[in-house]
Amino acid sequence: MFVGLFNLFRIALLAYSPLAMGILSGKYFLPDGGPGDARLNIFRGRYSEGESRYNLSNKIIKAATVEYLDIANKFGLHPVSLAIAFVLRHPLVGSVIFGATKSWQLQEILDACKVNLAPELIEEINKVHSKYPNPCP
Ligand SMILES: *[C@@H]1O[C@H](CO)[C@@H](O)[C@H](O)[C@H]1NC(C)=O
């Protein structure tokens, strides 16, 4: 009965901004700073909290982001899949909040739900995390 009650009232965490406002997708590293319709481009100068938190002009934020993108590339994953799959693998996380304006973006997210991250990949993520424990406070 207690197990039943526990399951009935089980609380899961909802991961907020698992793509760090899109910077972990790698799109802002494309030529010309990424797609013109990307959030940080459309609302440039009008999104002060997000722009300062996920500011790729900040050396630490940029370095951490590049290292995570490199890990995705090395293991043949789309960076979106890597970020979403990493967050979802945490046992307390029940779901993630994300924004998708195009169907292929939604597909990336759905694909991420099926990705199994190799222990060597997790080890590399943990190394980057030790180097940059909180790049976007
Ligand atoms: C982003 O970082 C650069 C370099 O540190 C700084 O000059 C700029 O003001 C920051 N932009 C925002 C929106 O915080």
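Because only heavy atoms are used, hydrogens play no part in the values below, and waters and symmetry mates are left out as well, while side chains stay in. As the structure lists them, so they are numbered: ligands from 1, and atoms in each ligand from 1.
- Enclosure of atom NZ in K59 is not indicated, since only 12 or fewer non-hydrogen atoms of other residues, nucleotides or ligands lie within 6.0 angstrom.
- Protein residues lining ligand 1, listed by chain and number: E51, S52, N55, S57 [non-hydrogen atoms, distance under 4.0 Å].
- Side chains of Q107 and D111: a donor-acceptor N/O pair is present below 3.5 angstrom, by distance only.
- You'll find the side chain of L121 stays beyond 4.5 Å of the side chain of E124, heavy atoms only.
- Across every non-hydrogen atom of P133 and S130, the tightest pair is CD-O, 3.7 Å.
- The minimum heavy-atom distance between P18 and A83, with the atom names listed, is O-CB, 3.7 Å.
- Cluster partners of L14, using a side-chain heavy-atom cutoff of under 4.5 Å among ILVMFWY residues and allowing indirect links, are Y16, I97.
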